[in-house]
Every structure is written in C-alpha cells, then in structure tokens.
Amino acid sequence: MPKTSAGLLPYRWRDRRLEVFLVHPGGPFWANKDRHAWSVAKGEVEPGEDLLHAAQREFFEETGLALAGSATPLTPLTPVRQAAGKLVHAWAIEADIDAATIRSNSFPLEWPPGSGQVQQFPEVDRAAWFDIAGARGRIHKGQVALLDELRRKLGG
C-alpha cells in the first residue's frame, strides 16, 4: 500500500500576486539541491489518523508554527500522487508567516555513510515565499498540480 502524507500550503497576496510558502528538506542529500527539491510542509499520516489533523501536526513539526485555528478557513486541494507512489493530501490556508522564524524537528542519520557516526539533521532546513512561477520551478514535480489548483481556485 502506498504511503500517504498530509500537509498545509499557506498562501498570501503581495502586490496583487499570489505567493505560496514552501519548505526545503534538510539533511546532506538535499543540501545543494534547489530545483524541484522544495515541498508543501507535510509528512506521513499515522495509521487511523485524521488527514487534516496529520496535516496540521506535520506543519507544526516541520516549522514550529501552529496554523488553522477553528476560525481559519482551509481549502482542500485534490490529492496528488508523486512518482514514487506517495499520495499527498494538502489544504491551502491564507497566512502571513515569517519564513525566518521556522524551527523544525530533526531526524538521525548515519553521516557520512558507513562511518558509524549518527548525526541529527533538521527535517526542514529553510522555508521561503515564492510567487507561483518561482514555486513551479522549485516544488517537487509531483506537487505542481497543487499550485495549479490553488491558482485556479483563487484566481491568482
């Protein structure tokens, strides 16, 4: 059975342009990658977990920021399947986040490989706002449809 992820896609308007908030994965594999390396802040859904709850939890784990209070409208986006088969569920939410304030959780990794040394790396090493054109060149190719749908829904 393919893995399932869920996350939040914050957006805002700047000078009448639609911008989206994306995160860059941490760790040595992604350190020098930019094009199609960025992502919606998301993560795996636990067995039996509500998808929206998982999206909110994962966003918090990867950014240290809590979004989506009971009064904050969320726009569900059509799930996308990435090339490796992972199904990604996402909700768009209007928010103005200072990307410099994120604080990600970390994961252990043997680095360098075969060294026997385990190091901690942040799940997300940075976040940034991009207009849709800029985001299309940076977001994981399997998630481009989320940007296109958001733009259609908002008219941006």
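Under a hydrophobic-cluster definition in which Ile, Leu, Val, Met, Phe, Trp and Tyr are linked whenever side-chain heavy atoms come within less than 4.5 Å, directly or via other members, Val144 and Trp38 are assigned to the same cluster.
Alongside Phe121, the hydrophobic cluster contains Phe107, Leu109, Trp111 (criterion: ILVMFWY side chains under 4.5 Å). Hydrophobic cluster membership of Phe29, counting Ile, Leu, Val, Met, Phe, Trp and Tyr whose side-chain heavy atoms lie under 4.5 Å apart directly or via other members: Trp30. Listed by chain and number, the hydrophobic cluster partners of Leu87 come to none, as no ILVMFWY side chain reaches under 4.5 Å of it.
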Start with the C-alpha gap between Thr63 and Arg103, add the side-chain angles, then the distance that decides, and say whether side chain to side chain contact (heavy atoms under 4.5 Å, CB included) holds. CA-CA 5 Å; Thr63 67; Arg103 298 292 175 261; over 6 Å; no
Intermediate values then yes/no, side chain to side chain contact (heavy atoms under 4.5 Å, CB included), Leu22 and Trp129: CA-CA 6 Å; Leu22 301 178; Trp129 287 98; over 6 Å; no
Which is it for Tyr11 and Leu154 under the side chain to side chain contact (heavy atoms under 4.5 Å, CB included) test, yes or no, and what are the steps along the way? CA-CA 10 Å; Tyr11 67 90; Leu154 298 178; 3.4 Å; yes
Verdict with reasoning, Phe130 to Phe21, per side chain to side chain contact (heavy atoms under 4.5 Å, CB included): CA-CA 7 Å; Phe130 300 100; Phe21 180 87; over 6 Å; no
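A side chain to side chain contact (heavy atoms under 4.5 Å, CB included) with Gln56 is found for exactly one of Leu67, Asp50, Leu74, namely Leu74. A side-chain hydrogen bond (donor to acceptor under 3.5 Å, both in side chains) with Ser106 is found for exactly one of Glu123, Gln120, Gln119, namely Gln120. Among the candidates Lys153, Arg151, Arg152, the single residue satisfying the salt bridge (charged side-chain N to carboxylate O under 4.0 Å, His left out) test with Glu149 is Lys153.
Pairing each heavy atom of Pro10 with each of Phe59, the nearest pair is CG-CE1, 3.7 Å. For Ala6 against Leu51, the heavy-atom pair with the smallest separation is CB-O, 3.4 Å. Between Val45 and Ala54 the shortest heavy-atom distance is CG2-CB, 3.8 Å. Of all the heavy atoms in Lys33 and His24, the pair that sits closest is O-NE2, 2.6 Å.
The CG atom of Leu146 sits 9.0 Å away from atom OG of Ser39, with the distance rounded to the nearest 0.5 Å. Taking CZ from Arg35 and NZ from Lys141, the interatomic distance works out to 8.0 Å, rounded to the nearest 0.5 Å. Residue Ser5 holds its OG atom at 8.5 Å from CD of Gln143, rounded to the nearest 0.5 Å.
With respect to Glu62 and Lys42, no salt bridge is recorded, no charged nitrogen being found less than 4.0 Å from a carboxylate O.
Between Val88 and Val40, every side-chain heavy-atom pair lies at or beyond the 4.5 Å cut-off. Counting heavy atoms from C-beta on, the side chains of Glu44 and Thr4 never come closer than 4.5 Å.
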Below 3.5 Å, can you tabulate the donor-acceptor pairs from side chains in residues 90-100 to any protein atom, sequence neighbours excluded?
residue : atom : partner : partner atom : Å
Asp96   : OD1  : Arg12   : NH1          : 2.8
Asp96   : OD1  : Arg14   : NH2          : 3.2
Asp96   : OD2  : Arg14   : NH2          : 2.6
Asp98   : OD1  : Ala100  : N            : 3.0

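Residues passing the salt bridge (Lys or Arg N to Asp or Glu O under 4.0 Å) test with Arg17 are Glu19, Asp131, sequence neighbours excluded. The salt bridge (Lys or Arg N to Asp or Glu O under 4.0 Å) test applied to Asp15 returns no partner, not counting sequence neighbours.
A donor-acceptor pair under 3.5 Å is absent between the side-chain atoms of His89 and the main chain of Pro76, judged by distance alone. Judged by distance alone, with hydrogens and angles left aside, the side-chain atoms of His36 form a donor-acceptor pair with the main-chain N or O of Ile139 at under 3.5 Å. For Glu49 (side chain) and Glu46 (main-chain N/O), a donor-acceptor pair under 3.5 Å exists by modelled atom type. Within the 3.5 Å criterion, the main-chain N or O of Val124 finds a donor-acceptor partner in the side chain of Ser104.
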